[in-house]
Every structure is written in structure tokens, then in C-alpha cells.
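Notes follow the structure.
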Protein chains: 2
Amino acid sequence: MKLVAFLVCFMLAFAAVGATIQPREPGWSGSLLVVPMDGSHWTGVKAVAQEMGRRGHKVMVVIPEVSVLLGPGKYYTTRTFPVPYGKQQLDELQARNAEVMESKQLPLLEKISTRISNMRKFVDLQRATAESLLLNQELVDFLKKQNFDAVLTSPAVPTGAILAYNLSLPAVYMLRGLPCGLDSTATACPSPPSYIPRFFTNNSDRMSFRQRVLNVLVSTVEPLLCRLIYWSMEGVASRFLQRDVSVAEILRSGALWLLRYDFSLEFPKPLMPNMVLIGGINCAIKNPLTKEVEEFVEGSGEHGIVVFSLGSLVSSMPKEKAAVFFKAFSMIPQRVLWRYTGEIPDNVPENVKLMKWLPQNDLLGHPKAKAFITHGGTHGIYEGICHGVPMVMIPLFGDQADNVHRMATRGVGVVLSIHDITAETLHDALNSVINDGSYEQRMEKLSAIHNDRPMQPLDLAVYWTEFVMRHKGADHLRPAAHDLNWFQYHSLDVIGFLLFIVLIVTLVTFKCCALCWRRCCRKLQKRKKD
Amino acid sequence: MKLVAFLVCFMLAFAAVGATIQPREPGWSGSLLVVPMDGSHWTGVKAVAQEMGRRGHKVMVVIPEVSVLLGPGKYYTTRTFPVPYGKQQLDELQARNAEVMESKQLPLLEKISTRISNMRKFVDLQRATAESLLLNQELVDFLKKQNFDAVLTSPAVPTGAILAYNLSLPAVYMLRGLPCGLDSTATACPSPPSYIPRFFTNNSDRMSFRQRVLNVLVSTVEPLLCRLIYWSMEGVASRFLQRDVSVAEILRSGALWLLRYDFSLEFPKPLMPNMVLIGGINCAIKNPLTKEVEEFVEGSGEHGIVVFSLGSLVSSMPKEKAAVFFKAFSMIPQRVLWRYTGEIPDNVPENVKLMKWLPQNDLLGHPKAKAFITHGGTHGIYEGICHGVPMVMIPLFGDQADNVHRMATRGVGVVLSIHDITAETLHDALNSVINDGSYEQRMEKLSAIHNDRPMQPLDLAVYWTEFVMRHKGADHLRPAAHDLNWFQYHSLDVIGFLLFIVLIVTLVTFKCCALCWRRCCRKLQKRKKD
């Protein structure tokens with residue numbers, strides 16, 4: 001069921017391309033096409049687009065005329081394309097995300113049918129956006145003429161990847177991960193289910209036998225799941241490229257994978273040479289707080305503040321649920337800043353400030369930040385780690401449950417269920433992470449590890465994007481595994497051949513022995529007769 | 001047979017340890033114990049030791065009283081320990097390395113027995129060095145008291161790793177690779193034999209079926225080979241640690257692996273989070289040429305120079321073999337600088353300068369360098385790549401054949417056999433790499449890729465060594481795979497369990513169907529009877 005909601009994160013996507021290569025020299029600049037995805041994915045992609053533009057590259061971002069977060073920036077140009085839906089439809093879809101908070105009250109069948117209907121709406125929207133870009137011949141021709149050096153895109157919705165593939169341009173992908181392990185498949189990265197937990201299983205890297213059974217089962221059905229999830233996009237791709245093609249085949253052609261995680265969040269696992277870890281890329285995007293917010297924060301005194309946001313995809317909260325939070329906040333001495341876009345009730349406690357938009361990273365970076373209530377999106381989690389703020393985590397959908405599970409195993413936060421939450425459990429959780437020093441201590445340690453890195457993630461992302469532009473890709477990082485089918489990859493043909501040889505040798509030896517034995521017997525019998 | 005010679009590179013080893021951790025702050029400095037290995041391995045380790053000392057850390061290098069290359073440096077202190085052999089024995093062993101150049105003339109049996117005898121001598125020396133350090137209680141106690149933060153060592157001869165293990169200190173390993181794939185085992189790094197060529201097979205990453213069969217066979221016998229190679233060291237370790245222990249178990253405890261390669265030389269393959277690539281670390285160590293050498297080089301005019309060295313482990317060359325080289329050099333217009341320590345013949349061509357020690361990296365970095373004749377050691381190969389000089393490669397032993405094979409598949413050099421070499425083949429090879437522009441062109445491209453990296457390898461090595469010192473290791477990079485046995489790692493227990501379930505379900509279903517069928521039949525028979 002979580003899959004339905006996971007796709008919330010993967011909607012509203014687009015695509016891009018063009019190519020020439022300049023030698024690397026001082027003052028060299030190239031040209032980059034950016035095909036972003038709407039939602040939180042945009043944060044990291046925008047940061048790289050901005051920085052690339054600031055460094056003198058020509059950067060063009062292709063976005064649909066209607067979107068939730070996508071928009072212009074100081075250092076890049078945008079090119080919009082029409083889509084067959086309006087802002088109202090996007091708002092409606094967003095509003096549906098809040099349903100997850102009350103879905104427990106619905107009967108199971110209704111719950112399932114609602115989720116499937118939501119999922120279908122998202123998939124339709126995604127397909128519509130992809131078609132609007134890829135089948136817009138005028139736009140594609142225009143992009144072709146721009147002679148881009150590379151494409152930067154989020155492959156979760158592979159519109160950008162399809163366009164890059166079509167225009168034979170090297171693609172740089174930025175992502176947290178793909179559902180159904182498609183990132184492992186497309187990078188040929190080994191991912192043994194014995195210690196690499198599959199998404200949505202709530203497993204850690206140290207599993208019991210039962211958990212390993214679940215993990216193996218999930219990894220077995222992953223390829224099927226992938227086909228289902230990308231069914232619609234494969235249709236668009238096949239029409240655009242005029243031949244049957246799978247999303248895995250397209251993603252395999254990617255030159256470089258910028259992965260929005262590191263091993264302060266993720267469990268240690270193998271990587272491929274063309275994977276670059278840029279977890280925490282958004283943490284460096286800092287702005288001063290407005291005077292009003294700064295005053296509110298400073299006024300919290302020794303108790304400090306609690307930062308509360310459930311992410312950009314959940315715009316409101318049911319009244320009854322909000323009441324639980326208000327009640328809990330009225331019981332703590334901290335001041336609370338809450339990203340809240342719903343109807344404002346009368347009895348908001350004095351220590352709570354509701355804001356339509358929250359400067360989350362800047363607030364978490366403030367010395368007064370004591371706790372962070374989050375839904376567990378990757379960006380939020382990394383902002384928390386980066387600034388060393390312990391968390392109360394309330395996962396809603398997608399990879400959030402997995403993210404918060406990883407944080408919980410590190411002992412840097414408490415997980416609550418949005419369905420069962422009460423003022424008391426929330427109050428207890430806040431009390432624990434704020435006043436029980438152990439959470440803070442562990443978070444400080446994790447933060448130190450995360451921040452102790454030879455290069456800033458943004459610089460790394462920009463460097464490798466430039467690398468791909470300079471060298472027309474990164475072929476020297478592409479493993480030969482891509483040229484093998486799964487049978488060859490696992491050496492099953494070789495093992496079969498060797499077993500066959502062993503069998504033949506055994507049979508021949510056996511036959512020879514039997515023959516010798518029979519002859520000996522005959523001779524013995526003959527002698528006896530004689 | 002090559003294995004015998006490979007061990008030449010892995011001889012003469014030593015060990016180290018101590019621990020406290022300081023917080024990371026400006027002006028922070030820690031203390032590092034370095035247990036190096038003699039031979040070319042020392043180059044990279046020394047560079048890091050020097051740089052760590054220069055940055056204000058307390059660095060102590062533990063070396064045997066007698067060695068080929070090990071010695072003092074400006075920024076670290078040394079602590080020597082007595083060994084039961086003298087300089088003469090080392091020289092004799094080194095002289096034996098030259099035998100590889102004439103071994104073709106020997107009958108096979110004699111060749112094998114000579115190699116085994118050489119190998120035994122090296123293993124004895126290695127064991128003697130390890131025992132001299134580890135069983136020197138006074139020295140070990142002294143090191144214990146120094147409260148080191150970490151150990152930097154070459155794990156190819158695991159004396160340093162054993163000492164670190166005993167003193168519970170985090171170990172940083174620096175290496176090119178280990179024989180018999182022990183590095184993959186000890187890091188739990190997947191290494192599918194279908195596209196990752198095994199050492200000594202001369203395979204590339206794209207193999208025919210026959211080559212894959214060989215690769216699978218070699219990977220199957222690797223564990224056995226490892227036991228043979230490290231048999232003697234395991235004995236020393238078990239005596240020192242007072243319990244049975246394998247080298248793999250010790251190496252598994254390493255915190256960080258600094259690998260002296262990158263994907264300009266190596267074929268793309270998976271990496272683990274605690275592996276850091278520092279290929280080309282020695283390239284930054286530059287010094288101006290002496291006046292005499294500079295004049296000789298400049299005097300080469302438009303033709304330029306050829307740099308020739310067969311590495312630090314081969315001190316001389318048989319006269320007849322040397323004559324082949326002299327003859328070839330007399331046929332080319334380039335000037336040749338040759339590291340040559342043997343008896344100097346009368347008729348040395350005018351364009352050849354014989355030197356007891358060659359500033360190889362500085363010469364290759366000179367604009368006049370046109371070609372590099374090398375035995376294919378990793379350091380030399382990287383100096384060639386770094387400065388973009390095409391190569392004529394004559395592998396002698398160890399991993400050299402594999403290194404040069406990798407270079408040859410990239411089309412940046414020509415491989416010759418030391419046994420079959422003639423003045424004509426050498427002349428042709430030099431002529432090709434110097435005058436056929438394609439070698440130069442491909443080498444320039446490879447050089448551009450190698451040099452295009454976000455951080456210098458030396459800085460990276462120093463950064464991660466400091467990281468391990470700051471955080472008392474790098475536990476967050478350690479995969480949970482280390483806690484699984486091979487059966488669990490490959491999920492064989494889970495697969496067995498699932499097959500068992502399928503079998504039971506099938507049997508029960510079959511039995512039920514059979515039962516129903518029989519009952520139906522009986523009823524039908526009864527009805528018919530009725």
C-alpha cells in the first residue's frame with residue numbers, strides 16, 4: 001500500500017538534451033540541460049543547476065507550465081512547455097496526500113481502492129507530463145539544436161533519461177534511490193539481500209532469519225514490481241523512440257549517478273565506480289532568518305525551539321489530528337515553529353508559530369533548535385543530521401518509513417505512527433529526545449561523521465557533472481557487467497559447463513573401472529574353469 | 001610460476017600500534033604509527049607519512065635495521081628493530097630477481113625448483129621480519145605506551161595489521177591489491193568472476209567463454225592459494241595473539257582501505273564504502289632535475305627522450321640481454337636514460353645515459369619525454385599515465401603482467417616479453433609508440449581522465465587517515481556482511497527454506513488432489529455398480 005503513496009514523490013516529471021565537448025581549460029564553460037522532477041527532488045537538482053550557472057556554464061531548465069515547486073532561478077534560464085492539466089488538479093492531488101493521516105478509519109477495501117485511484121491519477125499525470133515534453137516535436141528540435149554537453153535529471157520519473165538516450169547525450173542522474181531496486185539493476189551494482197534491506201520492508205542491515213526470508217522474497221518480486229510501476233512510462237518511451245524499450249535499458253545508459261545519501265543515513269553497501277554520494281547536498285543552502293522569526297526563536301530562552309514540518313507534499317492536516325499536536329505543544333516549555341497551511345484554529349497555544357513556509361534548514365541550523373518533528377523525507381533527515389538535531393519522526397509514505405527506521409536504529413530519534421499518535425505519546429517522545437541526553441549525544445556523533453568529508457556534496461555534484469560534460473560521458477567507469485545477461489553475469493553457463501565436464505569424467509572413469517573389473521572377473525573365471 | 005615472483009613484491013615486512021582520540025578542531029593533531037613494507041610499496045606510504053608529519057601529527061615509522069628502501073624522513077621519526085639477517089642477504093635476494101630475465105634457458109624442472117627455492121627464501125625473510133617485530137616484547141610495549149590513534153600499513157605482508165589487531169587500534173591499509181583476491185574477501189566486496197578478471201589470468205573485463213571458465217576456476221582455488229601464501233604469517237600471528245587466527249580475519253578488522261589504483265588503469269568493478277582510490281599518489285612527488293641530467297635531456301632536441309627502468313627490485317641485467325637493449329637504442333634518434341646498476345660495457349651508444357638511480361617521475365613529467373620503457377609496476381604505470389607518456393612494457397613478475405595487459409587493452413602501449421625480446425622488436429615497439437600518433441593520442445585521453453579528479457590522491461589519503469584517527473575508526477562504513485558466514489551471505493539457507501516450503505506445498509496439494517480423485521472414482525464406481 002505504501003507504494004501508492006511512494007509514487008507521490010515520483011510524479012510530475014519532464015525531460016531533456018543536445019551536445020558538443022570542449023577541452024578542459026581555465027575559463028572553459030559548457031552547456032547543460034536540466035530536466036527536473038517536481039517535489040522535493042527539485043531541491044538538490046536546483047542547487048546544482050544554480051551552481052553550474054554561477055560557474056559560467058549555460059544552464060537551461062525545462063519545466064512544465066504548471067508545477068508545485070519548479071520555477072526560475074538566478075543562474076539558469078527556463079524553457080516551459082504546455083501540459084494538459086491545471087494548477088487546480090495538482091492542488092487536488094496534493095490534498096489527497098493528507099488522506100494518509102486518517103486512512104485508518106476507512107474500511108480496508110475502501111482504503112485500497114482509494115490508494116489505487118490516487119496512484120492511477122499520479123501515474124496519469126506523470127505520463128501526461130512526459131508526453132507533453134517528449135511528443136512536443138518543436139521543443140525537442142529546439143533542444144537538439146542547443147548542442148548541450150550533458151543532461152542532469154531525476155531518473156525516478158525517467159522523462160529526462162529517455163530524452164538523453166534519444167539524443168545520445170550523457171546523462172547525470174540525481175536520486176535517493178529507485179523503487180523496486182531499479183537503481184541496482186541499472187548500475188549493475190551487487191545488492192545481496194542477505195544484508196542489504198529492501199525498501200518498504202522495515203529491515204535493517206542486520207536481519208533475523210525471518211527478516212532475511214522477507215528480504216529475499218521482496219527482492220524476487222522486485223523485477224515484476226518495476227514493470228508494473230514503469231509500465232506507463234515504457235509505453236511513452238517506446239512511442240517516442242519508435243521501438244520497444246524498457247526503462248531499465250534506458251537508465252543503464254546513464255553516465256553518472258549522484259546519490260542523495262551517505263553512510264550516516266544508509267547502511268553500508270557496495271557502490272559502483274560511477275556512483276557519487278552527495279547526501280546532505282541541501283544543507284549548505286543557508287539564508288538568514290527574517291527579523292520576526294529570529295525574534296520568536298530568540299524569545300524561547302534556555303528551552304529552545306522545536307521545528308515541525310511534514311514536507312512539501314502534505315499541504316494540510318485533518319482538524320482532529322492537528323488538535324493532538326496543539327495539545328502536546330501546549331504541554332512543553334519549548335517554542336514550536338510549524339509549517340501549517342490548513343485552517344487556523346482559535347486556540348493555538350502561545351508557544352506555537354504557524355507558518356505557510358518554513359525556513360527549515362536555517363531553523364535547524366540555529367543554536368536554539370532542540371528537536372525536529374519530521375515526516376522523514378531525505379532532505380529533512382539530512383538537515384537534521386547536518387545540524388545535529390535529534391528527531392521525532394512520523395513517516396507518511398514512500399521511502400520515509402525506511403529513512404526513519406535507519407535513524408531509529410542509530411538511536412537519534414523516536415518514531416511515532418500518524419494513526420496512533422496522541423498528545424501524550426508525542427509529548428513523551430519530545431521529552432525524550434530533548435531531555436534524555438543520549439539522543440543528543442548520539443546525534444552529535446552522527447553529525448560529526450556526516451560533516452567530516454573531504455568535499456562538500458554540492459561541489460562534488462558540480463565537479464562530476466562538469467566531468468561528464470568535459471569527457472562526453474564517463475565510459476571508463478562503466479562496468480562490463482552491462483554486456484552480460486543474468487545467466488552469464490552469475491557464471492551459470494560456466495558452472496553448468498564445469499558440472500557437465502565433471503559428470504563426463506566421472507562417467508568415463510566409472511565405465512573404465514567397470515570394464516576393467518569385468519575383464520578381471522572373466523579372466524579369474526576362465527582360470528578357475530581351466 | 002608468476003606467483004613465486006609476485007612474492008618478491010610482498011617481502012620484507014614489519015608491523016605497528018597505540019590509541020587516544022582528540023576532537024576535531026583547528027590545530028588538532030593526532031599520532032600515527034606507520035608499519036611499512038619494503039620495496040615499491042614504501043613510496044606511497046612514505047608520501048602519506050611525510051604529509052601527515054608536515055601537517056603537525058606525530059608520526060612514527062617502525063622499520064627493520066636492514067632494508068632495501070626504508071629509511072628516515074624529514075617529518076617523521078623512525079624506530080628500528082633488529083633482524084636476524086644482513087644487507088648481504090637482501091642484496092642476494094634482489095640479485096635473484098634478475099634471473100627471471102634468463103629463466104627461459106633453464107629446463108622446466110630446474111626453473112620450477114629455482115622459483116620455489118626463491119619463494120621459500122622470501123617467505124622465510126618475511127617471517128623473520130614479522131617475528132623480529134611482533135615477538136620483540138620491549139618494542140611492542142613501547143609502541144603500546146605511545147597511545148597512537150591509528151596504524152598505517154601495507155597489508156600485503158600483514159605484520160602491521162596483526163599488531164593493530166592486537167592493540168585494538170584502527171588500521172588504515174594502503175595497497176594495490178592482494179594475491180588470491182584476499183582484499184575482496186576481507187572487505188566483503190563482491191567480485192563476480194564473470195567480468196572481474198582474476199590476477200595472473202591475463203583476462204580483461206570482457207571475456208570469451210573460455211576465459212570466463214579460467215576465471216571461475218581461478219576464483220575457486222583462490223581461498224586455497226591464500227592459505228598457502230599466508231601459511232607462514234598465520235603461524236606468526238597465532239603465536240603472537242596466542243590463538244588460532246587467519247590473515248583474512250585480521251584484515252577484516254581494517255578500518256579503511258587506501259587502494260593505489262583508479263579506473264584509468266583498473267577495469268570498472270564494485271567498491272565498498274571503506275575503500276578510497278588513491279591511484280597516482282606518487283605522481284605529485286616532484287623535484288627539479290640535476291643540471292647534468294637536465295642538459296642531457298635538453299640536448300635531445302626535437303627527438304626527445306626515452307625513460308627506461310625495470311623497477312627497484314631488479315638491480316642488474318644479464319650482459320646478453322643488455323646488449324639487445326643497447327643495440328636497439330643505437331638505432332633510434334631519441335636519447336635514452338636508463339636505470340642501470342650492472343657492469344657498464346665498453347660500447348654504450350652515445351645517446352644512452354646509464355644512471356644508478358633515475359628521477360623517473362621528474363623525467364616522465366619533462367616535455368621531452370616521448371616514451372617510457374617499464375616493467376609495469378603500479379607506480380611507474382601511474383607516472384606514465386599521469387604525464388601522458390606512451391609505454392613499451394616488459395613485465396617481469398607479480399601483478400606487472402596484469403598491469404601491462406590493462407594498459408595494452410587501452411591502446412596506450414606495446415607489450416614485449418623479456419624472453420623473446422630482440423633489438424628489432426624493441427626498435428619497432430619504440431618506433432610505434434613514438435611515431436604512430438595513435439598511442440600518444442589515446443594516452444593523452446587516458447591521462448586527461450586520470451588527472452581530472454576532484455581531489456589529489458595524496459590529500460585524499462591524508463584526509464581519510466585523519467578521519468580514522470579522529471573517529472577511532474570508520475565503523476559506519478563497515479558492511480554487515482562481515483557478520484554473515486558464506487552460506488548466509490549468499491542466502492542459501494533462505495533459498496533452501498523456501499524450496500522446502502514449495503516442496504511441502506506441492507506434495508500436500510498433490511496428495512489432496514490424489515485423495516479427491518480417488519474418492520470421485522470410488523463414487524463413480526459405486527454409482528455404476530448401483
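Throughout, a chain's letter reflects where its sequence line sits, starting with A, and its residues are numbered from 1. Just so it is clear, the structure is predicted and the values come from calculations on it, not from any experiment.
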Does any backbone or side-chain atom of [X] lie under 4.5 Å from a heavy atom of chain A? Answer side chain, backbone, both or neither.
X      : value
B/L460 : side chain
B/V216 : side chain
B/F263 : both
B/L484 : side chain
B/L498 : side chain
B/L217 : side chain

**Request:** Taking only Lys NZ, Arg NE, NH1 and NH2, and the carboxylate oxygens of Asp or Glu, determine whether A/D459 and A/R453 approach each other closer than 4.0 Å.
**Result:** no
**A/R260 bridged to A/E266 by N-O distance under 4.0 Å** = no
**Fill in**
Taken to the nearest 0.5 Å, the spacing of A/L446 CG from A/L265 CG works out to 8.5 Å
**Request:** Heavy-atom pairs under 4.5 Å with chain A are the metric here; pick the option from B/D205, B/T187, B/I196 that has the most.
**Result:** B/D205
**Request:** Heavy atoms only, distances under 4.5 angstrom: which of B/P479, B/A481, B/S491, B/P193 has the most pairs with chain A? Name it, please.
**Result:** B/A481
**Prompt:** Between B/N203 and B/R212, do the side chains contain an N or O donor and an N or O acceptor separated by less than 3.5 Å?
**Reply:** no
**Prompt:** Can B/R54 and B/H57 be counted as having a side-chain donor-acceptor contact under 3.5 angstrom?
**Reply:** no
**Request:** Mind checking side chain to side chain contact (heavy atoms under 4.5 Å, CB included) for A/A461 and listing every partner two or more places apart, or none if nothing turns up?
**Result:** A/V48, A/L258, A/I278, A/I281
